[in-house]
Chemist: 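Pasting a structure here, questions to come.
Below, read A as the first sequence line, B as the second, and so on, with proteins coming before strands; counting in each chain starts at 1.
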Amino acid sequence: MPPELPEVESVKRSLEEKLPSGTRWVEVILNRKDLRVPFPKDLRKKLVNSEVLGLERRAKYLIFKRKEKDLLSHLGMSGTWRELKAGETLKAHDHLIFGFDNGLRLAYNDPRRFGLVDWGGVDSPWLRELGPEPLSAAFNPAYLLQQMKGRKAAVKVLLMNAHLVVGIGNIYASEILFLAGVKPARPGSKITPTEAALIVKHTKAVLKKAIKAKGSTLKDYRMVNGDSGKFQNSFKVYSRGGEKCFSCGAAIRSEVLGQRSTYWCSRCQK
DNA sequence: AAACATTCCTGCACGC
DNA sequence: TGCGTGCAGGAATGTT
């Protein structure tokens, strides 16, 4: 459930309140042996009695920092971490349970199992090859323009490429390009310096707004306490195929691009 | 019942 | 030629 950057960031923040630095694992229960990849064999042994030093987010990964190896969690398409209330019975697809010495109990639920839980810090294979964070100074117009140069892939597909920039998925890619006034199918090589600057500006703006709204809940995504995000109420184009553009009134178009449904206004976006 | 918020892998085409 | 890179397509899976 928390697929894109704002959702993972919101999960991280909601979890931080409940997991102060120094909290220790006291319970680790595996209800199956794998998600997208196998759980580490020694997960229980290595976690129990160790401390959570803090939580971090890199791209769409949630990181439990420890003195020992860090623990990574990726939520795939349908993963959630939720707090288990006292006496709460487990649900279908509660694959992993963590208990902590402050009484917090967490369940990782993931029907489709595209998520993963594995060891790994910033230098791990999971994180090593990733591009810059979109909210960092490294993601700037000059960088984006250079990355777009000579590439014939659609700008939307490139924006969703984690080697180029992380954290942008199918929802926010459409939203960003609408605000930037750029058609999603435009080849990267055709992006002008002015457009690159607009894309960078609106990427940062939309992601920040979405984080403030605690992400977008389409169906599964929830924060640790079960709350929904609110940013879905602010979508300008995503999931609005056939509806009127809020800016110009034209019908929002929808087409599959790079195997993902894509939404845009053919009048506002060039 | 086709679609789905993600990522990784394969295979082909192109260019040096 | 051979190699590296970019890009398209497919797969993993359960739910609605």
Chemist: Below 4.0 angstrom from OP1 or OP2 of B:dC4, is there any side-chain N or O of A:K219?
Modeler: no
Chemist: Who does C:dC3 pair with, Watson-Crick or G-U, both distances under 3.5 Å?
Modeler: B:dG15
Chemist: Answer yes when A:K12 and A:E56 have at least one side-chain N-carboxylate O distance shorter than 4.0 Å, and no when they do not.
Modeler: no
Chemist: Taking 4.0 Å as the cut-off, does a side-chain nitrogen or oxygen of A:R260 come that near to OP1 or OP2 on B:dC4?
Modeler: no
Chemist: A:H163 has an atom NE2; how far is it from atom P of B:dT6, in whole Å?
Modeler: 15 Å
Chemist: Do the charged groups of A:K85 and A:E88 touch, with an N to O distance under 4.0 Å?
Modeler: no
Chemist: In whole angstroms, how far is the P atom of C:dG6 from the CD atom of A:E129?
Modeler: 13 Å
Chemist: Quick check on B:dT7: is either OP1 or OP2 less than 4.0 Å from any side-chain nitrogen or oxygen of A:R36?
Modeler: no
Chemist: Can you tell me whether the side chain of A:R112 and the base of B:dC4 have a donor-acceptor pair closer than 3.5 Å?
Modeler: yes
Chemist: Counting heavy atoms from C-beta on, name the nucleotide in C:dT13, B:dT6, B:dC4 closest to the side chain of A:S261.
Modeler: B:dC4
Chemist: Is any side-chain nitrogen or oxygen of A:H93 closer than 4.0 Å to OP1 or OP2 of C:dT15?
Modeler: yes
Chemist: When you check the phosphate oxygens OP1 and OP2 of C:dG6, does a side-chain N or O of A:K152 lie under 4.0 Å from one of them?
Modeler: no
Chemist: Find the distance A:Y221:OH to B:dT6:C1' and express it as a whole number of Å.
Modeler: 16 Å
Chemist: Just how far, in rounded Å, is C1' of B:dT7 from CG of A:L72?
Modeler: 14 Å
Chemist: Rounding to a whole Å, what distance do you find between A:R151:CZ and C:dA8:P?
Modeler: 10 Å
Chemist: More 5' along DNA chain C: A:Q259 or A:G150, using each one's nearest nucleotide?
Modeler: A:G150
Chemist: Run the salt-bridge test on A:E133 and A:R58 with the 4.0 Å N-O cut-off and return the result as yes or no.
Modeler: yes
Chemist: With a 4.0 Å limit, can you tell me whether A:S78 has a side-chain N or O closer than that to the phosphate oxygens OP1/OP2 of C:dT15?
Modeler: no
Chemist: Roughly how many Å is it from CZ in A:R32 to C1' in C:dT13, rounded to a whole number?
Modeler: 10 Å
Chemist: Under a 3.5 Å threshold, yes or no: a donor from one side chain and an acceptor from the other, between A:K18 and A:N102?
Modeler: no
Chemist: Please report the distance, rounded to the nearest Å, between CG in A:L158 and P in C:dA8.
Modeler: 9 Å
Chemist: Without decimals, in angstroms, what is the distance between A:H95 NE2 and C:dT13 C1'?
Modeler: 10 Å
Chemist: Less than 6.0 angstrom from the centroid, inside 45 degrees of the normal: does A:R240 satisfy that with respect to the ring of A:F246?
Modeler: yes
